[in-house]
Amino acid sequence: MEENYLLVDLDKILNNIKSIKKKAQKSKFCAVLKADAYGLGSLEVANYIKNYIDYIAVAQFKEAKYLRENGIKTPILILGYLPLDKYKECAKLGIDVVIYDLDYAKKINESLDSKINCHIGLDTGHTRIGFRDFEIEKINKLKDLVNLNFIGAMSHFATADEKDLTYTKEQYKKFTYIINQIKEDFDLKLVHIANSAASMEYDFKSDLLRVGISLYGIYPSDYIKEVSKIKLEQAFEFKAQISFVKKVKKGTSISYGRTFVAEKDMKVATVAIGYADGFKRSFSNIGEVLVNGKPTKVVGRVCMDQMMIDVSGIDCKIGDYITLYPDIYKEAKKINTIAYELMTSISKRVPRIYKSNILGEYHEG
Ligand SMILES: *Cc1c(COP(=O)(O)O)cnc(C)c1O
């Protein structure tokens, strides 16, 4: 037993992959497992899905190295910046990188004694990293860098999850323009731009679908959730145990700062979870949870390791598990964020427990 845990259903992740693949059968599938698979556990997820995907993408060298050193042989792409001293080891581990700056590319080239597979990073309007459409000459100079083996080119959408597709189309147009300018000079086998939203809803040509959030059964936005014909299954449940139940009188204040004062006699439960577990303090007095199937509210400030909830009229006892984020979209909006951030904020103190048809239920490690 654990006082709180994140339960990951690996079969649901697999089902989500199959559902998205059905839509775009010609593209290869890249599972975006950065940030420890959005908090769910990159190695466990990778091991379970590796036969169903063509590529893995992560954000950092240590994330890629962790997967390689633990036996994941699937091609891995690191989506962005690496400190200069990391490229050599990347080349040895057979990890692809993105090249998006000419001077840095020259330094990378010099740091290497073997070839590394590279994707040219193109900025078509996300304005994060990448060569822009007026930098074709710079891109062409990359050819001279002998240790850099360019196998792909990529860009990233800024608004593919929104209803208005105007900007997304402009980005795609720029992308196509740049690719047409450079394709004679490079042997680009993987030209890719689609994230979850674009993979699920649109037909922009993308040799790789870089799917992150949707793997885990979360739609990239309310709009995509509303319009998508693809039925995703949320692949995780966030649970915590009730540690104490008591009645309090009208006028009793609850937790630090006394931000909540009981307006009537009530029943209050303490829960073994807090902001150190990634249940954000901003949910003080506004977070909603489920107690034995019934929705109720956080009362008072969320503490580091504990919090209190209103359980008036709800049958519950010490040891019962409550469900956090019963509607993760709604909870995220309350504190002005998105499901991505809530997922990736669940801290390392929370054990990840996995279940699957093949392996049953098991604990990480
Ligand atoms: C994170 C990321 C993705 C995945 O985005 P989702 O919206 O989670 O599918 C794809 N491409 C790049 C470059 C990213 O940084």
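Since the model is a prediction, treat every value here as computed from it, not as a measurement. Each ligand, and each atom within it, is numbered from 1 in the order the structure gives.
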Exercise for review: Check the pair Tyr172 / Tyr202 against ring pair (Phe, Tyr, Trp, His ring centres under 6.0 Å), numbers first and verdict last.
Suggested key: CA-CA 11 Å; Tyr172 188 69; Tyr202 309 112; over 10 Å; no
Practice item. Quick one: do Asp36 and Arg352 satisfy salt bridge (charged side-chain N to carboxylate O under 4.0 Å, His left out)? Show the steps, please. Key: CA-CA 11 Å; Asp36 208 16; Arg352 272 62 173 170; 5.5 Å; no
So which protein heavy atom does [atom] come closest to, and at what separation?
{"atom": "atom 7 (O) of ligand 1", "value": "Tyr340 OH, 2.7 Å"}
{"atom": "atom 9 (O) of ligand 1", "value": "Ser196 OG, 2.5 Å"}
{"atom": "atom 11 (N) of ligand 1", "value": "Arg210 NE, 2.9 Å"}

Practice item. Fit a plane to each ring of Tyr55 and His119, take the angle between them on a 0 to 90° scale, and name the class: parallel (under 30°), tilted (30 to 60°) or perpendicular (over 60°). Key: perpendicular
Check your understanding: Under 4.0 angstrom from ligand 1, any heavy atom of Arg128?
Key -> yes
Can you list the ligand 1 atoms lying under 4.0 Å from a non-hydrogen atom of [X]?
{"X": "Lys34", "answer": "1 (C), 2 (C), 3 (C), 14 (C), 15 (O)"}
{"X": "Leu79", "answer": "12 (C), 13 (C), 14 (C), 15 (O)"}
{"X": "Tyr38", "answer": "1 (C), 4 (C), 5 (O), 6 (P), 8 (O)"}
{"X": "Ile213", "answer": "6 (P), 8 (O), 9 (O)"}

Check your understanding: Within the structure, does Met154 bring an N/O atom to less than 3.5 angstrom of an N/O atom in ligand 1?
Key -> no
Review point. Polar-atom distance check: Gly212 versus ligand 1, any N or O pair below 3.5 Å?
Key: yes
**Study point:** Donor-acceptor contact present, side-chain Glu331 to main-chain Pro326, <3.5 Å
**Key:** no
Check your understanding: Heavy-atom contacts under 4.0 Å between Pro220 and ligand 1: side chain, backbone, both, or neither?
Key -> neither
**Study point:** Note, Glu135 side chain near Leu102 side chain (heavy atom, < 4.5 Å)
**Key:** no
Review point. Considering only heavy atoms from C-beta outward, does the side chain of Tyr52 approach that of Leu14 to under 4.5 Å?
Key: yes
Practice item. Count the heavy atoms belonging to other residues, nucleotides or ligands that lie under 6.0 Å from NZ of Lys348, then report whether that count exceeds 12. Key: yes
Review point. How about Asn147 and Tyr87: does a side-chain donor come under 3.5 Å of a side-chain acceptor?
Key: no
